[in-house]
K.L.:
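Dropping the structure in here first, questions after.
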Amino acid sequence: MPDTCPTLRRDGDQIVILDQTRLPWRETFVRLDSLDAAAAAIRDMQVRGAPLIGATAAFGIALALRHDGSDAALAAADACLRATRPTAVNLHWALDRMQAALRPLPAIERSAAAWAAAEDIRAGDAAANAAIGRHGLAMLESLAAGRTGPLQLMTHCNAGWLATCGHGTALAPIYAAHAAGLAIHVWVSETRPRNQGLLTAWELARAGVPHTLIADNAAGWLMAEGRVDCVIVGADRIAANGDTANKVGTYLKALAASAHGVPFYIAAPRSTIDFGCPSGAAIPIEERSADEVRIVAGLTDDGDTARIHLAAAHAAACNPAFDVTPAGLLWGIIGEFGILPPDGLATIASHASLAGH
Ligand SMILES: CSC[C@H]1O[C@H](OP(=O)(O)O)[C@H](O)[C@@H]1O
């Protein structure tokens, strides 16, 4: 995986992002030169992944304040970015952190401070990812002890470097295990309807990590067959009681894992934990366009990208982008703080300030 953060970088007084709507077929970099462009990139999932959309929102504030550091400009930019996607608390955590850094300053100082605060958020996420990798590796090594053959892992959606400012969350322990020479294989769940699993397969192929892409619906059967040793997924918002919102389909995998005694872990930085949210029932679940269910994007046999209509435009469809896995189905939460039981998050609540990651 890359040493730098190719998903998002500053270039002068603009930012450049990797357009994830074009992957895995095209690596296209897009320059964002305004608040509206940054908001659109988050809303349309050109950038995606809870920590990455938080960092992008932070840079969106910097874009907004380049020529106007007024309270009104700051408030308008904050409101615009908060409205882009409701579930990933990292977006709101990053915007809260930007507010805390900028509000006390005179308007004239806010532009430079915004760029610095956004860079700090990005660097902090990368550091948190590295720590998640270390803690997750220790868990995988203990799981692998005494076993023969590769450790059979499963993940859902994409919680790799594409979704963060570092090496990823759920994929960080996987990359760390591969780098440490631990024999692993990863079942990669395709993740309808936006197919972020294809992004995970793309990442793992580039890193040389053995993996197999599966349809979402194959996951339960593989666990029933005893072919999965551990599931690690990311998160978009973890409530104070440990209930966790993640990409839709996560809950189904957690139920199957519970039925077959398969360890099921969440990997997420502290910026994904929302101590202001008492339980999963209070987590807002994003409803995206039903067209994402009706239409898929892909590559034709001729190598042209295409949108394929699976269902008629009037076909009834609904598209919750996330679901909530109850804390009782989780074995632990792997963060930069170590690995905590889902009902043990209170031990780090006092550190869940804007100063932390
Ligand atoms: C470390 S990414 C966490 C999380 O974000 C993804 O959602 P989306 O692709 O809609 O932005 C997915 O739920 C990942 O697990």
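Residues: numbered from 1 along the sequence shown. Counting convention: from 1, in listed order, for ligands and their atoms alike.
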K.L.:
Using 30° and 60° as the class boundaries, would you call the ring planes of Trp202 and Trp161 parallel, tilted or perpendicular?
P.N.:
tilted

K.L.:
For atom CZ of Arg307, decide whether the heavy atoms of other residues, nucleotides or ligands shown that lie under 6.0 angstrom number more than 12.
P.N.:
no

K.L.:
Taking a cutoff of less than 4.0 Å between a non-hydrogen atom of the residue and any ligand atom, is Asn246 in contact with ligand 1?
P.N.:
yes

K.L.:
Counting from 1, what ligand 1 atoms have a heavy atom of Arg85 closer than 4.0 Å?
P.N.:
8 (P), 10 (O), 11 (O)

K.L.:
Would you call Glu119 and Arg122 a salt bridge, taking side-chain N to carboxylate O under 4.0 Å as the test?
P.N.:
yes

K.L.:
Quick check: do Asp274 and Ile283 have side-chain heavy atoms less than 4.5 Å from each other?
P.N.:
no

K.L.:
I need the atoms of ligand 1 closer than 4.0 Å to a non-hydrogen atom of Ala50, numbered in the order shown.
P.N.:
2 (S), 3 (C), 5 (O)

K.L.:
So between Ala235, Gly166, Gly234, whose heavy atom ends up nearest atom 3 (C) of ligand 1?
P.N.:
Ala235

K.L.:
Which ligand 1 atoms, with their elements, are less than 4.0 angstrom from a heavy-atom of Gln196?
P.N.:
8 (P), 9 (O), 10 (O)

K.L.:
Taking atom 10 (O) of ligand 1 as the point of reference, which of Lys247, Arg48, Glu286 owns the nearest heavy atom?
P.N.:
Lys247

K.L.:
Inspect the contact between Arg110 and Asp71 and indicate whether a charged nitrogen and a carboxylate oxygen are less than 4.0 angstrom apart.
P.N.:
yes

K.L.:
Give the contacting part of Asn158 toward ligand 1: side chain, backbone, both or neither, where contact means a heavy-atom distance below 4.0 Å.
P.N.:
backbone

K.L.:
Between Arg192 and Glu190, is the closest basic N to carboxylate O distance under 4.0 Å?
P.N.:
no

K.L.:
Quick one: which ligand 1 atoms are inside 4.0 Å of a heavy atom on Pro51?
P.N.:
1 (C), 2 (S)

K.L.:
Quick check on Met45 - does any of its heavy atoms sit under 4.0 Å from an atom of ligand 1?
P.N.:
yes

K.L.:
Mark yes or no: Arg22 above the aromatic ring of Trp25, with NZ or CZ under 6.0 Å from the six-membered ring centre and no more than 45 degrees from the axis.
P.N.:
no

K.L.:
Let's go through Thr191 and Lys247 carefully: what are the C-alpha distance in whole Å and the side-chain angles of both, what is the deciding distance for side chain to side chain donor-acceptor pair (under 3.5 Å) to 0.1 Å, and is it a yes or a no?
P.N.:
CA-CA 8 Å; Thr191 316; Lys247 183 54 52 196; over 6 Å; no

K.L.:
Should you measure from each heavy atom of Ala159, which atoms of ligand 1 turn up under 4.0 Å away?
P.N.:
1 (C)

K.L.:
What protein heavy atom is closest to atom 4 (C) of ligand 1, reported as residue, atom name and distance in Å?
P.N.:
Asp236 OD1, 3.2 Å

K.L.:
Can you confirm whether the side chains of Asp68 and Ser70 place a donor and an acceptor under 3.5 Å from each other?
P.N.:
yes

K.L.:
What atoms of ligand 1 come closer than 4.0 angstrom to any heavy atom of Cys157?
P.N.:
12 (C)

K.L.:
Under a 4.0 angstrom heavy-atom cut-off, which atoms of ligand 1 come close to Ala163?
P.N.:
1 (C), 2 (S)

K.L.:
Distance under 4.0 Å to a non-hydrogen atom of Thr169: what atoms of ligand 1 satisfy this?
P.N.:
1 (C)

